[in-house]
Amino acid sequence: MATTSCFQLHRCSPIPLSLSSSCCCPCRPSPSKTLVLTRPRSKLGHLDLLFDGNRRALGLGRNRASASRRLIAVAARAGPEQLGEDNAHQEVHKGHKLSMNEDAVSEHQQKASQLKKRIFFGLGIGLSVGIVVLAGGWVFTAAVAAAVFVGAREYFELVRSHGITAGMTPPPRYVSRVCSVICALMPLVTLYRGQIDVSVTSAAFFVAMALLLQRGNPRFAQLSSTMFGLFYCGYLPCFWVKLRCGLAAPALNTSFGSAWPILLGGQAHWTVGLVATLISFSSIIAADTCAFLGGKAFGRTPLTTVSPKKTWEGTIVGLGGCIATSVVLSRIFCWPKSLLSAIAFGFLNFFGSVFGDLTESMIKRDAGVKDSGSLIPGHGGILDRVDSYIFTGALAYSFVKTFLPLYGV
(Lines give C-alpha, C1' and ligand atoms only; values in the text may rest on other atoms or scores of the structure.)
Protein backbone atom coordinates (compact mmCIF):
# COMPACT_ATOMS: atom_id res chain seq x y z
CA MET A 1 0.00 0.00 0.00
CA ALA A 2 1.30 3.42 -0.90
CA THR A 3 2.54 5.65 1.88
CA THR A 4 0.24 8.63 2.56
CA SER A 5 0.77 11.74 4.54
CA CYS A 6 -2.16 13.84 5.59
CA PHE A 7 -2.32 17.45 6.63
CA GLN A 8 -5.65 18.56 8.11
CA LEU A 9 -6.48 22.14 8.98
CA HIS A 10 -9.75 22.35 10.91
CA ARG A 11 -11.24 25.73 11.80
CA CYS A 12 -7.83 27.39 11.74
CA SER A 13 -5.60 29.47 9.52
CA PRO A 14 -3.57 27.57 6.90
CA ILE A 15 0.23 27.59 7.36
CA PRO A 16 2.08 28.02 4.06
CA LEU A 17 3.51 24.61 3.25
CA SER A 18 4.73 23.09 0.00
CA LEU A 19 3.37 19.77 -1.07
CA SER A 20 6.93 18.64 -1.69
CA SER A 21 7.50 18.68 2.06
CA SER A 22 4.92 15.95 2.48
CA CYS A 23 6.88 13.38 0.52
CA CYS A 24 7.80 10.08 2.08
CA CYS A 25 11.20 9.87 3.74
CA PRO A 26 12.69 8.09 6.75
CA CYS A 27 12.44 11.18 8.91
CA ARG A 28 8.67 11.45 8.41
CA PRO A 29 6.06 9.86 10.65
CA SER A 30 4.91 6.32 9.97
CA PRO A 31 2.14 5.81 7.39
CA SER A 32 -0.45 5.12 10.07
CA LYS A 33 0.05 8.46 11.80
CA THR A 34 -1.44 11.82 10.90
CA LEU A 35 0.37 15.11 11.24
CA VAL A 36 -2.02 17.92 12.24
CA LEU A 37 -0.83 21.52 11.90
CA THR A 38 -2.98 24.08 13.62
CA ARG A 39 -2.90 27.70 14.59
CA PRO A 40 -5.35 29.58 16.82
CA ARG A 41 -8.71 30.25 15.14
CA SER A 42 -8.88 33.34 13.00
CA LYS A 43 -11.56 35.01 10.97
CA LEU A 44 -11.37 32.21 8.40
CA GLY A 45 -14.55 30.66 9.89
CA HIS A 46 -15.68 27.23 8.74
CA LEU A 47 -12.81 26.29 6.37
CA ASP A 48 -11.56 22.71 6.32
CA LEU A 49 -8.55 21.87 4.09
CA LEU A 50 -7.54 18.28 3.58
CA PHE A 51 -4.55 17.18 1.50
CA ASP A 52 -4.26 13.44 1.03
CA GLY A 53 -1.50 12.53 -1.40
CA ASN A 54 -2.33 14.19 -4.68
CA ARG A 55 -6.02 14.70 -3.74
CA ARG A 56 -7.33 18.00 -2.53
CA ALA A 57 -10.73 18.63 -0.97
CA LEU A 58 -12.10 21.77 0.56
CA GLY A 59 -15.42 21.87 2.43
CA LEU A 60 -17.46 24.68 3.82
CA GLY A 61 -19.65 24.26 6.90
CA ARG A 62 -22.47 26.02 5.05
CA ASN A 63 -23.56 26.06 1.40
CA ARG A 64 -21.13 23.30 0.42
CA ALA A 65 -22.98 22.65 -2.82
CA SER A 66 -21.55 25.54 -4.85
CA ALA A 67 -19.08 27.46 -2.66
CA SER A 68 -16.81 24.46 -2.02
CA ARG A 69 -16.50 23.77 -5.77
CA ARG A 70 -15.28 27.31 -6.30
CA LEU A 71 -12.65 26.95 -3.56
CA ILE A 72 -11.47 23.61 -4.94
CA ALA A 73 -10.88 25.23 -8.32
CA VAL A 74 -8.85 27.99 -6.69
CA ALA A 75 -6.83 25.46 -4.67
CA ALA A 76 -6.10 23.50 -7.85
CA ARG A 77 -4.79 26.58 -9.67
CA ALA A 78 -2.66 27.93 -6.84
CA GLY A 79 -0.12 26.08 -4.76
CA PRO A 80 -0.84 25.72 -1.07
CA GLU A 81 1.95 28.16 -0.32
CA GLN A 82 0.08 30.81 -2.36
CA LEU A 83 -3.29 30.31 -0.70
CA GLY A 84 -3.04 32.84 2.06
CA GLU A 85 -5.67 33.64 4.61
CA ASP A 86 -6.91 36.76 2.86
CA ASN A 87 -7.37 35.05 -0.51
CA ALA A 88 -9.14 32.09 1.06
CA HIS A 89 -11.45 34.34 3.01
CA GLN A 90 -12.29 36.27 -0.14
CA GLU A 91 -13.12 33.10 -2.02
CA VAL A 92 -15.25 31.85 0.85
CA HIS A 93 -17.19 35.11 0.82
CA LYS A 94 -17.69 34.93 -2.95
CA GLY A 95 -18.82 31.32 -2.68
CA HIS A 96 -21.33 32.14 0.03
CA LYS A 97 -22.68 35.09 -1.94
CA LEU A 98 -22.95 33.12 -5.18
CA SER A 99 -24.74 30.24 -3.46
CA MET A 100 -27.19 32.55 -1.69
CA ASN A 101 -28.00 34.34 -4.96
CA GLU A 102 -28.57 31.05 -6.78
CA ASP A 103 -30.83 29.73 -4.01
CA ALA A 104 -32.81 32.97 -3.86
CA VAL A 105 -33.38 33.03 -7.64
CA SER A 106 -34.39 29.36 -7.71
CA GLU A 107 -36.78 29.76 -4.79
CA HIS A 108 -38.33 32.89 -6.32
CA GLN A 109 -38.88 31.16 -9.67
CA GLN A 110 -40.43 28.14 -7.97
CA LYS A 111 -42.83 30.27 -5.93
CA ALA A 112 -43.79 32.35 -8.98
CA SER A 113 -44.54 29.20 -11.00
CA GLN A 114 -46.56 27.72 -8.15
CA LEU A 115 -48.54 30.94 -7.73
CA LYS A 116 -49.36 31.08 -11.46
CA LYS A 117 -50.66 27.51 -11.35
CA ARG A 118 -52.76 28.23 -8.27
CA ILE A 119 -54.30 31.35 -9.82
CA PHE A 120 -54.96 29.74 -13.21
CA PHE A 121 -56.56 26.57 -11.90
CA GLY A 122 -58.28 28.46 -9.07
CA LEU A 123 -60.05 30.75 -11.52
CA GLY A 124 -61.00 27.79 -13.68
CA ILE A 125 -62.42 25.89 -10.72
CA GLY A 126 -64.26 28.95 -9.45
CA LEU A 127 -65.91 29.61 -12.81
CA SER A 128 -66.91 25.95 -13.20
CA VAL A 129 -68.34 25.77 -9.68
CA GLY A 130 -70.34 28.97 -10.25
CA ILE A 131 -71.94 27.51 -13.38
CA VAL A 132 -72.72 24.25 -11.60
CA VAL A 133 -74.31 26.06 -8.63
CA LEU A 134 -76.47 28.18 -10.95
CA ALA A 135 -77.56 25.09 -12.85
CA GLY A 136 -78.64 23.22 -9.72
CA GLY A 137 -80.68 20.02 -9.89
CA TRP A 138 -79.01 16.92 -11.28
CA VAL A 139 -76.05 18.91 -12.62
CA PHE A 140 -75.15 20.18 -9.16
CA THR A 141 -75.82 16.81 -7.55
CA ALA A 142 -73.72 14.90 -10.10
CA ALA A 143 -70.82 17.31 -9.57
CA VAL A 144 -71.06 16.84 -5.79
CA ALA A 145 -71.18 13.05 -6.24
CA ALA A 146 -68.05 13.09 -8.44
CA ALA A 147 -66.15 15.25 -5.95
CA VAL A 148 -67.30 13.01 -3.09
CA PHE A 149 -66.08 9.87 -4.88
CA VAL A 150 -62.61 11.30 -5.55
CA GLY A 151 -62.41 12.76 -2.04
CA ALA A 152 -63.39 9.43 -0.49
CA ARG A 153 -60.67 7.64 -2.43
CA GLU A 154 -58.13 10.19 -1.23
CA TYR A 155 -59.33 9.82 2.36
CA PHE A 156 -58.98 6.04 2.40
CA GLU A 157 -55.56 6.31 0.76
CA LEU A 158 -54.53 8.63 3.59
CA VAL A 159 -55.87 6.12 6.10
CA ARG A 160 -53.76 3.41 4.47
CA SER A 161 -50.60 5.54 4.40
CA HIS A 162 -47.58 4.56 6.46
CA GLY A 163 -47.92 7.46 8.87
CA ILE A 164 -51.32 6.27 10.09
CA THR A 165 -50.92 2.52 9.65
CA ALA A 166 -47.91 2.60 11.96
CA GLY A 167 -50.29 2.97 14.88
CA MET A 168 -53.42 1.21 13.59
CA THR A 169 -54.77 -1.41 11.24
CA PRO A 170 -56.37 0.12 8.12
CA PRO A 171 -59.56 -1.31 6.61
CA PRO A 172 -59.15 -3.80 3.77
CA ARG A 173 -58.80 -2.30 0.34
CA TYR A 174 -62.07 -3.78 -0.94
CA VAL A 175 -63.93 -2.14 1.96
CA SER A 176 -62.34 1.21 1.10
CA ARG A 177 -63.49 0.94 -2.51
CA VAL A 178 -67.02 -0.08 -1.55
CA CYS A 179 -67.24 2.83 0.89
CA SER A 180 -66.09 5.25 -1.81
CA VAL A 181 -68.92 4.09 -4.06
CA ILE A 182 -71.44 4.33 -1.20
CA CYS A 183 -70.32 7.90 -0.47
CA ALA A 184 -70.74 8.86 -4.13
CA LEU A 185 -74.30 7.47 -4.15
CA MET A 186 -75.38 9.42 -1.07
CA PRO A 187 -75.87 12.81 -2.82
CA LEU A 188 -77.91 11.13 -5.56
CA VAL A 189 -80.13 9.42 -3.00
CA THR A 190 -80.51 12.73 -1.16
CA LEU A 191 -81.78 14.49 -4.29
CA TYR A 192 -84.13 11.65 -5.17
CA ARG A 193 -85.57 10.99 -1.71
CA GLY A 194 -84.97 14.31 0.05
CA GLN A 195 -83.28 12.73 3.06
CA ILE A 196 -80.39 10.36 3.68
CA ASP A 197 -80.60 9.21 7.30
CA VAL A 198 -82.00 5.71 6.71
CA SER A 199 -79.68 5.05 3.78
CA VAL A 200 -76.58 6.09 5.74
CA THR A 201 -77.56 3.93 8.70
CA SER A 202 -78.16 0.90 6.48
CA ALA A 203 -74.86 1.37 4.63
CA ALA A 204 -72.95 1.74 7.90
CA PHE A 205 -74.54 -1.47 9.22
CA PHE A 206 -73.56 -3.56 6.20
CA VAL A 207 -70.02 -2.15 6.11
CA ALA A 208 -69.60 -2.90 9.83
CA MET A 209 -70.81 -6.48 9.31
CA ALA A 210 -68.33 -6.92 6.43
CA LEU A 211 -65.49 -5.77 8.67
CA LEU A 212 -66.51 -7.98 11.57
CA LEU A 213 -66.85 -11.09 9.37
CA GLN A 214 -63.58 -10.64 7.49
CA ARG A 215 -60.80 -13.20 7.68
CA GLY A 216 -58.18 -12.64 10.32
CA ASN A 217 -58.60 -10.48 13.38
CA PRO A 218 -60.99 -7.53 12.98
CA ARG A 219 -59.74 -4.40 14.71
CA PHE A 220 -61.64 -1.45 16.14
CA ALA A 221 -59.36 0.95 14.22
CA GLN A 222 -60.72 -0.48 10.98
CA LEU A 223 -64.31 0.09 12.08
CA SER A 224 -63.74 3.62 13.42
CA SER A 225 -61.80 4.87 10.39
CA THR A 226 -64.40 3.41 8.01
CA MET A 227 -67.39 4.87 9.86
CA PHE A 228 -65.73 8.27 10.01
CA GLY A 229 -65.05 8.03 6.26
CA LEU A 230 -68.74 7.43 5.55
CA PHE A 231 -69.68 10.38 7.75
CA TYR A 232 -66.92 12.74 6.64
CA CYS A 233 -66.84 12.03 2.90
CA GLY A 234 -70.43 10.93 2.28
CA TYR A 235 -72.99 12.16 4.79
CA LEU A 236 -71.78 15.72 5.39
CA PRO A 237 -71.50 16.78 1.71
CA CYS A 238 -75.14 15.74 1.20
CA PHE A 239 -76.22 18.85 3.10
CA TRP A 240 -75.09 20.96 0.16
CA VAL A 241 -77.61 19.09 -2.00
CA LYS A 242 -80.29 19.65 0.62
CA LEU A 243 -79.39 23.35 0.81
CA ARG A 244 -79.17 24.03 -2.94
CA CYS A 245 -81.95 21.75 -4.18
CA GLY A 246 -84.11 21.20 -1.12
CA LEU A 247 -84.90 24.82 -0.16
CA ALA A 248 -87.08 25.60 -3.16
CA ALA A 249 -88.89 28.65 -1.70
CA PRO A 250 -88.48 31.56 -4.16
CA ALA A 251 -86.31 34.48 -3.13
CA LEU A 252 -88.95 37.05 -4.03
CA ASN A 253 -86.92 40.13 -3.15
CA THR A 254 -83.93 39.23 -5.30
CA SER A 255 -83.64 41.59 -8.26
CA PHE A 256 -81.69 39.00 -10.25
CA GLY A 257 -84.82 36.85 -10.50
CA SER A 258 -86.83 39.38 -12.50
CA ALA A 259 -84.02 39.79 -15.04
CA TRP A 260 -83.24 36.07 -15.32
CA PRO A 261 -84.06 34.59 -18.77
CA ILE A 262 -87.22 32.52 -19.04
CA LEU A 263 -85.35 29.80 -20.90
CA LEU A 264 -83.10 29.36 -17.84
CA GLY A 265 -86.02 29.16 -15.41
CA GLY A 266 -87.04 32.75 -14.97
CA GLN A 267 -87.64 34.25 -11.56
CA ALA A 268 -88.61 30.86 -10.10
CA HIS A 269 -85.04 29.69 -10.63
CA TRP A 270 -83.77 32.06 -7.93
CA THR A 271 -84.68 30.17 -4.81
CA VAL A 272 -83.56 30.57 -1.22
CA GLY A 273 -81.35 27.51 -1.69
CA LEU A 274 -79.54 29.07 -4.66
CA VAL A 275 -78.95 32.40 -2.91
CA ALA A 276 -77.84 30.74 0.34
CA THR A 277 -75.42 28.46 -1.55
CA LEU A 278 -73.91 31.38 -3.50
CA ILE A 279 -73.41 33.40 -0.31
CA SER A 280 -71.89 30.43 1.52
CA PHE A 281 -69.47 29.56 -1.27
CA SER A 282 -68.43 33.19 -1.73
CA SER A 283 -67.96 33.68 2.02
CA ILE A 284 -65.74 30.59 2.28
CA ILE A 285 -63.61 31.75 -0.65
CA ALA A 286 -63.28 35.19 0.94
CA ALA A 287 -62.38 33.65 4.29
CA ASP A 288 -59.63 31.47 2.81
CA THR A 289 -58.22 34.29 0.68
CA CYS A 290 -58.25 36.91 3.44
CA ALA A 291 -56.80 34.47 5.97
CA PHE A 292 -53.95 33.63 3.58
CA LEU A 293 -53.15 37.27 2.79
CA GLY A 294 -53.56 38.35 6.42
CA GLY A 295 -51.29 35.57 7.61
CA LYS A 296 -48.63 36.53 5.07
CA ALA A 297 -48.77 40.20 6.03
CA PHE A 298 -49.37 40.13 9.79
CA GLY A 299 -49.00 36.50 10.89
CA ARG A 300 -46.98 36.12 14.10
CA THR A 301 -48.91 33.95 16.56
CA PRO A 302 -49.49 30.28 15.58
CA LEU A 303 -53.13 29.21 15.73
CA THR A 304 -52.59 25.52 16.48
CA THR A 305 -49.94 22.83 16.18
CA VAL A 306 -52.18 20.89 13.79
CA SER A 307 -51.45 23.44 11.06
CA PRO A 308 -48.33 25.46 12.00
CA LYS A 309 -48.67 27.92 9.11
CA LYS A 310 -52.04 29.21 10.31
CA THR A 311 -51.90 32.22 12.62
CA TRP A 312 -54.33 34.07 14.83
CA GLU A 313 -53.76 37.24 12.85
CA GLY A 314 -54.66 35.53 9.58
CA THR A 315 -57.69 33.91 11.21
CA ILE A 316 -59.02 37.28 12.42
CA VAL A 317 -58.54 38.83 8.97
CA GLY A 318 -60.30 35.83 7.41
CA LEU A 319 -63.22 36.20 9.83
CA GLY A 320 -63.59 39.86 8.89
CA GLY A 321 -63.49 39.07 5.18
CA CYS A 322 -66.06 36.29 5.53
CA ILE A 323 -68.53 38.43 7.47
CA ALA A 324 -68.05 41.40 5.13
CA THR A 325 -68.71 39.20 2.08
CA SER A 326 -71.83 37.73 3.68
CA VAL A 327 -73.21 41.18 4.55
CA VAL A 328 -72.44 42.70 1.12
CA LEU A 329 -74.02 39.79 -0.77
CA SER A 330 -77.04 39.84 1.51
CA ARG A 331 -77.61 43.47 0.49
CA ILE A 332 -77.17 42.59 -3.20
CA PHE A 333 -79.48 39.57 -3.14
CA CYS A 334 -81.82 41.07 -0.53
CA TRP A 335 -81.50 37.86 1.47
CA PRO A 336 -81.51 37.48 4.40
CA LYS A 337 -83.29 40.74 5.09
CA SER A 338 -81.93 41.10 8.62
CA LEU A 339 -78.40 42.47 9.04
CA LEU A 340 -77.94 40.41 12.21
CA SER A 341 -78.90 37.25 10.30
CA ALA A 342 -76.34 38.05 7.60
CA ILE A 343 -73.60 38.52 10.21
CA ALA A 344 -74.55 35.27 11.96
CA PHE A 345 -74.55 33.47 8.62
CA GLY A 346 -71.04 34.75 7.96
CA PHE A 347 -69.87 33.57 11.39
CA LEU A 348 -71.20 30.06 10.78
CA ASN A 349 -69.61 29.85 7.35
CA PHE A 350 -66.26 30.94 8.74
CA PHE A 351 -66.14 28.58 11.69
CA GLY A 352 -67.33 25.69 9.57
CA SER A 353 -64.57 26.35 7.03
CA VAL A 354 -61.85 26.66 9.68
CA PHE A 355 -62.96 23.47 11.45
CA GLY A 356 -63.05 21.55 8.17
CA ASP A 357 -59.62 22.84 7.19
CA LEU A 358 -58.08 21.86 10.53
CA THR A 359 -59.71 18.42 10.44
CA GLU A 360 -58.18 17.63 7.07
CA SER A 361 -54.83 19.05 8.23
CA MET A 362 -54.91 16.68 11.20
CA ILE A 363 -55.52 13.69 8.93
CA LYS A 364 -52.68 14.70 6.60
CA ARG A 365 -50.38 15.35 9.56
CA ASP A 366 -50.94 11.85 10.92
CA ALA A 367 -50.48 10.42 7.44
CA GLY A 368 -47.19 12.31 7.05
CA VAL A 369 -48.10 13.98 3.74
CA LYS A 370 -48.40 17.58 2.59
CA ASP A 371 -51.29 17.16 0.14
CA SER A 372 -54.11 14.63 -0.02
CA GLY A 373 -53.41 14.07 -3.71
CA SER A 374 -52.07 15.62 -6.91
CA LEU A 375 -55.20 15.88 -9.04
CA ILE A 376 -55.24 19.69 -9.24
CA PRO A 377 -51.86 21.26 -10.17
CA GLY A 378 -50.81 23.88 -7.66
CA HIS A 379 -53.59 22.93 -5.24
CA GLY A 380 -53.12 19.26 -4.40
CA GLY A 381 -56.06 16.88 -4.18
CA ILE A 382 -59.82 17.30 -4.01
CA LEU A 383 -59.81 17.19 -0.21
CA ASP A 384 -57.30 20.04 -0.15
CA ARG A 385 -59.80 22.23 -2.05
CA VAL A 386 -63.10 21.19 -0.46
CA ASP A 387 -62.02 20.67 3.16
CA SER A 388 -63.47 24.07 4.10
CA TYR A 389 -66.86 23.11 2.63
CA ILE A 390 -67.39 19.71 4.26
CA PHE A 391 -68.79 20.89 7.62
CA THR A 392 -70.09 24.23 6.36
CA GLY A 393 -72.93 22.75 4.36
CA ALA A 394 -74.52 21.16 7.43
CA LEU A 395 -74.20 24.39 9.44
CA ALA A 396 -75.60 26.57 6.64
CA TYR A 397 -78.56 24.26 6.01
CA SER A 398 -79.42 23.99 9.70
CA PHE A 399 -79.20 27.77 10.13
CA VAL A 400 -81.44 28.58 7.17
CA LYS A 401 -83.89 25.77 7.81
CA THR A 402 -84.22 26.16 11.58
CA PHE A 403 -83.20 29.63 12.73
CA LEU A 404 -84.40 31.90 9.93
CA PRO A 405 -88.19 32.38 9.98
CA LEU A 406 -89.64 31.59 6.55
CA TYR A 407 -86.08 30.89 5.34
CA GLY A 408 -85.13 34.53 5.79
CA VAL A 409 -87.47 35.80 3.04
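A donor-acceptor pair under 3.5 Å is absent between the side-chain atoms of Q267 and the main chain of W260, judged by distance alone. No donor-acceptor distance shorter than 3.5 angstrom exists from the side chain of T402 to the backbone of F399, with no hydrogens or angles considered. No donor-acceptor pair under 3.5 Å is formed between the side chain of S280 and the backbone N or O of T277. No side-chain donor-acceptor contact under 3.5 Å links T304 to the backbone of S307. Of the possible polar contacts, none joining the S341 side chain to the K337 backbone as a donor-acceptor pair under 3.5 Å is found. Checking side-chain atoms of R300 against main-chain N and O of T311 turns up no donor-acceptor pair under 3.5 Å. Remark: side-chain polar atoms of D366 are not paired, donor with acceptor, to backbone N or O of I363 under 3.5 angstrom. At least one donor-acceptor pair under 3.5 Å links the side chain of R160 to the backbone N or O of P171. Checked by atom type and distance alone, the side chain of N349 pairs as donor or acceptor with a backbone atom of F345 at under 3.5 Å. Side-chain atoms of R244 come within 3.5 Å of backbone N or O of V133 as a donor-acceptor pair.
Taking every heavy atom of both residues into account, L247 and K401 meet most closely at CD2-CD, 4.1 Å. Closest heavy-atom contact between A184 and F149: CB-CB, 3.7 Å. Summarising the geometry of R153 relative to S180, their closest heavy-atom pair is CD-OG, 3.2 Å, with the distance given to 0.1 Å. Of all the heavy atoms in A367 and L158, the pair that sits closest is CB-O, 3.8 Å.
With contacts defined as side-chain heavy-atom distances shorter than 4.5 Å, the pair K242/L191 does not qualify. D197 has its side chain within reach of Y235: a pair of non-hydrogen atoms, C-beta onward, lies under 4.5 Å apart. Looking at heavy atoms from C-beta onward, M227 lies out of side-chain contact with F231 at the 4.5 angstrom threshold. Contact check for T190 versus F239: no side-chain heavy atoms found under the 4.5 Å cut-off. Contact annotation: the side chain of Q214 approaches that of L211 to within less than 4.5 Å [non-hydrogen atoms, C-beta and beyond]. For the pair L395/F351, no side-chain contact is recorded, criterion being any heavy-atom separation below 4.5 Å from C-beta on. Annotation: side chain of V175 is not in contact with side chain of V178 (no heavy-atom distance under 4.5 Å). With contacts defined as side-chain heavy-atom distances shorter than 4.5 Å, the pair S176/V159 does not qualify.
In this structure, R193 places its CZ atom where only 12 or fewer heavy-atom neighbours from other residues, nucleotides or ligands lie under 6.0 Å away. Heavy-atom neighbours of F206 CZ from other residues, nucleotides or ligands within 6.0 Å: at or below the threshold of 12.
For the side chain to side chain contact (heavy atoms under 4.5 Å, CB included) test with F350, the passing option among D288, T325, L319, I323 is L319; the others fail. Under the side chain to side chain contact (heavy atoms under 4.5 Å, CB included) rule, T392 has a single partner from L236, I284, L243, which is I284. Checked options N253, V275, V328; the residue passing with F333 is V275 (criterion: side chain to side chain contact (heavy atoms under 4.5 Å, CB included)). Of the residues E157, E154, R385, the one that meets the side chain to side chain donor-acceptor pair (under 3.5 Å) test with S372 is E154.
Ring geometry for F355 versus F391: interplanar angle over 60°, hence perpendicular rather than tilted (30 to 60°).
In this structure, F281 has its ring center closer than 6.0 angstrom to the ring center of W240.
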